[in-house]
Amino acid sequence: MTTVTRLAVPSALDAASDALLADRAADGDVRAFEVLVRRHGPLMRVHATRILGSNDETDDVVQESFITAWRQLPTLENGAAVKSWLMRICGRKSIDRVRARRDHADITETDAAAPAALTPHHVAETQEQAEALARCLAELPDDQRRCWTLRELGEYSYTDIAEELDLPVSTVRGLLARARKTLLRELEDWR
């Protein structure tokens, strides 16, 4: 039995604008929607992981977000805003997932001591650190926050960030340096 390997062949859609892709996908073009999924899926994963606090449910949330987006694409008025629209859907789905969580202790395992990383003190401290970082990120200028998020959470290269934000690489480096300097100064107590 022979296996056939399918190679991803770049298409003209890969270079198309978000507006064109969203309009075509709204008309039922599955390939255009696939390009949107490949283009914005990684950033949606980062966004969902940040809200959820872990990777456990990230894939499910992103998949649910794309299913919702596919169904609601005809209602999108401005195709150029598809990225922010997808991020809002992903954010809402992530928050819904957090709200639906119900942590139940298994009473059959009450004798086992919690690992040090799961002690109430450590969990509270970690949560406070995350909240402090979120507050500091919220206070950063938009360009600095976007660069920092793409680099540190999305693991984008400087070149990828420059392309994503339509900025020169030198500007990306400067924005990241200022964002890091500000975060280090503001989070000094947590070091």
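Of all heavy-atom pairs spanning R31 and D29, the tightest one is N-OD1, 3.0 Å. Shortest non-hydrogen contact noted between V62 and A48 is CG2-CB, 4.3 Å. Shown here for P168 and A162, the closest heavy-atom pair between the two residues is C-CB, 4.2 Å. Across all non-hydrogen atoms, the minimal contact from F66 to H40 is CZ-C, 4.5 Å. Smallest separation of non-hydrogen atoms from A25 and L73: CB-CD1, 3.4 Å.
Atom CG of L86 sits about 8.0 Å away from atom OG of S65, to the nearest 0.5 Å. Atom CG in L43 sits 8.5 Å away from atom OG1 in T149 (nearest 0.5 Å). Within the model, atoms CG of L176 and CH2 of W148 stand 10.0 Å from one another, a figure rounded to the nearest 0.5 Å. In this structure, CG on L150 lies 5.5 Å from CD1 on I161, to the nearest 0.5 angstrom. A distance of 8.5 Å separates CG of L140 from CD of E186, quoted to the nearest 0.5 Å.
Side-chain atoms of V61 and L52, non-hydrogen and from C-beta on, do get closer than 4.5 Å to each other. Using a 4.5 Å heavy-atom cutoff, the side chains of E139 and T182 are not in contact. Within the 4.5 Å cutoff, side-chain heavy atoms of P42 are placed close to those of Y156.
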Output, in order, the C-alpha distance, side-chain angles, deciding distance and verdict of side-chain contact (heavy atoms from CB on, under 4.5 Å) for L137 and Q144. CA-CA 9 Å; L137 284 172; Q144 288 182 25; over 6 Å; no
Stepwise side-chain contact (heavy atoms from CB on, under 4.5 Å) check, L76 with V82: CA-CA 8 Å; L76 180 63; V82 71; 4.0 Å; yes
Does Q63 form a side-chain contact (heavy atoms from CB on, under 4.5 Å) with I67? I'd like the steps, not just the answer. CA-CA 6 Å; Q63 183 175 3; I67 291 169; 4.1 Å; yes
Dump the intermediate steps for salt bridge (charged side-chain N to carboxylate O under 4.0 Å, His left out) on R146 and D143, then the final yes or no. CA-CA 5 Å; R146 282 191 221 118; D143 286 344; 3.1 Å; yes
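A chain of hydrophobic side-chain contacts below 4.5 Å, direct or via other Ile, Leu, Val, Met, Phe, Trp or Tyr residues, connects Y158 to L183.
Listed by chain and number, the residues in a side chain to side chain contact (heavy atoms under 4.5 Å, CB included) with D96 are R99 (sequence neighbours excluded). Looking at residues two or more places apart in sequence or on another chain, you find a side chain to side chain contact (heavy atoms under 4.5 Å, CB included) between E131 and Q127, R135. Take A177 and apply the side chain to side chain contact (heavy atoms under 4.5 Å, CB included) test, not counting sequence neighbours, and it matches no residue. For the salt bridge (Lys or Arg N to Asp or Glu O under 4.0 Å) test, no residue two or more places apart in sequence or in another chain qualifies with D160. Every residue was checked against the side-chain hydrogen bond (donor to acceptor under 3.5 Å, both in side chains) condition with N78, not counting sequence neighbours, and none meets it. Remark: E57 pairs with R97, R101 by the salt bridge (Lys or Arg N to Asp or Glu O under 4.0 Å) rule, at least two apart or across chains. Scored by the salt bridge (Lys or Arg N to Asp or Glu O under 4.0 Å) test, R50 finds no partners at all (sequence neighbours excluded). For R145, the salt bridge (Lys or Arg N to Asp or Glu O under 4.0 Å) partners are D142, not counting sequence neighbours. Legend: residues meeting side chain to side chain contact (heavy atoms under 4.5 Å, CB included) with R39, ordered by chain and number and at least two apart, are D18, L21, V35.
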Side-chain donor-acceptor distances from residues 88-95 under 3.5 Å, at least two apart:
from, atom 1, to, atom 2, distance (Å)
K93, NZ, T68, OG1, 3.1
S94, OG, C90, O, 2.8

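Crowding of Q72 atom CD: a count of heavy atoms from other residues, nucleotides or ligands under 6.0 Å exceeding 12. Residue-environment remark: CZ (R151) exceeds the threshold of 12 foreign heavy atoms within 6.0 Å.
Legend: side chain to side chain donor-acceptor pair (under 3.5 Å) pairs involving residues 163-172, not counting sequence neighbours, sorted by first then second residue: K83-E164. Note on residues 69-89: pairs passing ring-ring contact (aromatic ring centres under 6.0 Å, His included), not counting sequence neighbours, are F33-W70.
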